[in-house]
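Please read these numbers as outputs of a predicted model, since none were measured by experiment. In what follows, chains carry the letters A, B, and so on, assigned in the order in which the sequence lines appear, proteins first and then strands, with residues in each chain numbered from 1.
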Protein chains: 2
Amino acid sequence: MARKLGRRGGNIVTIHDVARHVGVSPMTVSRVINGEKNVREETRAKVMASVEALNYSPNLAARSLATQDSARIGLLYSNPSVAFLSEFLLGILSESSQSGAQLLIESCEGPEGATVALEKMKAGGCDGVILSPPLSDSTRVAKILKDMNLPFVGVAMARPDPTVSCVTIDDFKAAKAMTRRLIELGHRRIAFIKGHPNAYASQIRYDGFLAAMAKSGLEVEDNFVGQGYFTYRSGFDAAERLLSHKDKPTAIFASNDDMAAGAVAAAHRIGLDVPDQVTVVGYDDTAMASSVWPELTTVRQPISDMAGLAVRLLLDQIRAYRMGKPFEAVREVRDFSLIERQSSAAIPEA
Amino acid sequence: MARKLGRRGGNIVTIHDVARHVGVSPMTVSRVINGEKNVREETRAKVMASVEALNYSPNLAARSLATQDSARIGLLYSNPSVAFLSEFLLGILSESSQSGAQLLIESCEGPEGATVALEKMKAGGCDGVILSPPLSDSTRVAKILKDMNLPFVGVAMARPDPTVSCVTIDDFKAAKAMTRRLIELGHRRIAFIKGHPNAYASQIRYDGFLAAMAKSGLEVEDNFVGQGYFTYRSGFDAAERLLSHKDKPTAIFASNDDMAAGAVAAAHRIGLDVPDQVTVVGYDDTAMASSVWPELTTVRQPISDMAGLAVRLLLDQIRAYRMGKPFEAVREVRDFSLIERQSSAAIPEA
DNA sequence: TACCAGATTGGTAGCGCTAACAATAAAAAG
DNA sequence: CTTTTTATTGTTAGCGCTACCAATCTGGTA
């Protein structure tokens, strides 16, 4: 009697097949593939060989059913740079599909819409939430989640809140490093475009900039600091203003890529070459940075890795929560890096 | 004896709980939540009410284990506009998590790297593949997949291949509609920037443009057609050339948003205002379109929906394949729409 | 030699769900 | 009013995996 057809593309290999092939019990195979100890090295090797030979790969559905370890994780994003989003999603995706977690996705307009979105997630049986910036920085959103008693992890969060788990880079150091690099290139008249005043990250990045400038004994004139809102347009406008002074800056550090791109456009518009006449650098290394011309020198955050790590942390947290363990916030700091592309150059010989 | 802790955020509600609550068998509840017929209306209502009351939501792991219907679907993308990617991912994600499908993601550099990536997927137990553009248009990639005997669905595929399943918009009509719109706005001297010569979509869009022009009896001069490569830079360069003629075009239709953004930058650089002096429109409605300033008027493809639909089609196809049914290609054509933003305007009064 | 701790392996049961079939109730037919 | 059909519900078993506990096998120890 023909049973069900082969599953997963003819890959009907189950743990039992492997067990039979090796001549051990399924349990032993399970131990091996889960990396448990107390398996003789010889047995382990044989099992591994069979797994390889039969091209076995465990059925995640069965596993999560058996371990009762499945989780539904929510992904809440507002409207960050969409380029940021795709890298972010990529990270979330590859990690969560590996762990068999289910995803619920909601977007919201700023922290205001968050309540609704989170209610929806909770109703959908969500076990935990991942927050993308700028939501991750919102105390309000954090409060809602705490009230809901839902574990959550923020990504790229600048606010140093010891009660919230997150994965970040050191924005202060990164901004400082980029500024130092500009100084190394000979720039002295460096302007800065701040991000949205509500975003904590804006402040931190600005502080890093100031710190580097101060350390080199450089002054930061008031009219060399522009207020932006993380949008292309705001960068454009701010740069137009900054470049209108008679004593123009030779470099502009915009605190995200969108604004940097806007700044480049503004420079071009008034006939300034980038980077020959003015250097423009950004922050984030989103797709924007490498799609614009000239491609932007920028601070790279390993967004995808960070997002993946956030998923892992969240799952740990959910597990801990289920085991009744007390909550313990974790703060993981990843390394950033400076990406030098064509929008920056040494100061033009005066 | 304490059993396992509550799962899924305390949501331990199983189908049995609902069944007990209503006073029917679990099977009946199963029937209701799966929308099967042959359930009395009254019973159905009661079950629904309980589901609501208990906030039950089915355990996908258990379901896919029981139905043997789980699938691993691969997502192969090369390096399209990253902004495109995020919408694409969003669509894939929400659909596949609903259906409990597992995702494998691989990127590759053009069709060349595809073989490796696909081998990897196959080895990973992939049951089917989703192709993002421009891979979806590659006959080579299609051939590899056919040889591997893996079901696949292409997204935004312009090549009219009756042996391949895909979800698209009508690129010809879309380009034609946009061109007509420009003509409506009074433009007569309309330039076009073509996409990468290898991409079939480039040709189709160009054909649509030509058709609309011809229909209005407008001539398309050779030097009003620029060759681009779907990159910002190529759009910039092409536009610079197009705008250097003494008899400038009053509108430029770039066949994707990146190139349109480049064209805007080129116009700005030579001191032309967009849209007051020259209208620039794009194609795709990626994030690029709305992050640049002025925001681009463009052709919108419902990327997210298309991607979601592709997942559904693929799942159907995998199911059919498993049941031994003969393969049947499906071609789903979605509606596009014209999005008018700030980069287009009526022809300037001469 | 008898005994025990620890290492290693196996057996049993069940996670939550649904396919397949069995059973019953209701409706239609004879 | 019995028989047949049909609509509706229930029962059983098992998807593939792992938690838990029992069994066996080591290598000492007394």
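Rounded to whole angstrom, the span from the CZ atom of A/R72 across to the P atom of C/dG16 amounts to 13 Å. Look at CD1 on B/I15: it is 14 Å from P on C/dC15, rounded to the nearest Å. Atoms CD (A/E42) and P (C/dT9) sit 9 Å apart, rounded to a whole Å. B/E36 has its CD atom 9 Å from the P atom of C/dT18, to the nearest Å. Between the C1' atom of C/dC15 and the CG atom of B/D17 lies a distance of 13 Å, rounded to the nearest Å. Here the C1' atom of nucleotide C/dA19 and the CG atom of B/D69 are 12 Å apart, to the nearest Å. Counting to the nearest Å, the C1' atom of D/dT18 and the CG atom of A/L65 are 10 Å from each other. Look at CZ on A/R63: it is 18 Å from P on D/dC15, rounded to the nearest Å.
Taking the salt bridge (charged side-chain N to carboxylate O under 4.0 Å, His left out) definition, one finds that B/D17 meets it with B/R20, sequence neighbours left out. Residues satisfying the salt bridge (charged side-chain N to carboxylate O under 4.0 Å, His left out) test with A/E328, not counting sequence neighbours, are none. Residues passing the side-chain contact (heavy atoms from CB on, under 4.5 Å) test with A/S165, sequence neighbours excluded: A/V153, A/Q317, A/F327, A/A329, A/V330. In this view, B/E36 and B/R31, B/N34 satisfy the side-chain contact (heavy atoms from CB on, under 4.5 Å) rule, not counting sequence neighbours. In this view, B/E41 and B/R44 satisfy the salt bridge (charged side-chain N to carboxylate O under 4.0 Å, His left out) rule, not counting sequence neighbours. A/R334 is linked by a salt bridge (charged side-chain N to carboxylate O under 4.0 Å, His left out) to A/E332, counting only residues two or more places apart in sequence or in another chain.
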- Query: Could you write nucleotides 4-11 of chain D as a row of B, S and -, 5' to 3', where a protein heavy atom under 4.0 Å of any base atom gives B, of only sugar-phosphate atoms gives S, and otherwise -?
  - Reply: ---SBBBB

For nucleotides 23-26 of chain C, print each protein N/O atom paired with a nucleotide N/O atom at under 3.5 Å, atom names and distance only.
none

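Pairs engaging residues 305-315 of chain B under the salt bridge (Lys or Arg N to Asp or Glu O under 4.0 Å) rule: B/E95-B/R312 [sequence neighbours left out]. Among residue pairs with one or both ends in residues 45-56 of chain A, none qualify as salt bridge (Lys or Arg N to Asp or Glu O under 4.0 Å); sequence neighbours excluded. Identified under the side chain to side chain donor-acceptor pair (under 3.5 Å) test for residues 140-151 of chain A, with sequence neighbours left out: A/K143-A/D147, A/K146-A/T163, A/N149-A/Y321.
Between B/N55 and B/V13, the closest side-chain pair of non-hydrogen atoms is not below 4.5 Å.
In this model, the phosphate group of D/dC15 is not approached by any side-chain N or O of A/N59 to a distance below 4.0 Å at OP1 or OP2. Within the structure, a side-chain polar atom (N or O) of A/Q68 is placed less than 4.0 Å from OP1 or OP2 of C/dG16. Neither OP1 nor OP2 of D/dC17 sits under 4.0 Å from any side-chain N or O of A/S30.
Nearest heavy atom pair, residue B/G74 against residue B/C126, reads N-SG, 3.1 Å.
For the helix from C/dT1-D/dA30 to C/dG30-D/dC1, the angle separating the two terminal helix axes comes to 60°, with each axis derived from five pairs and the value rounded to 10°.
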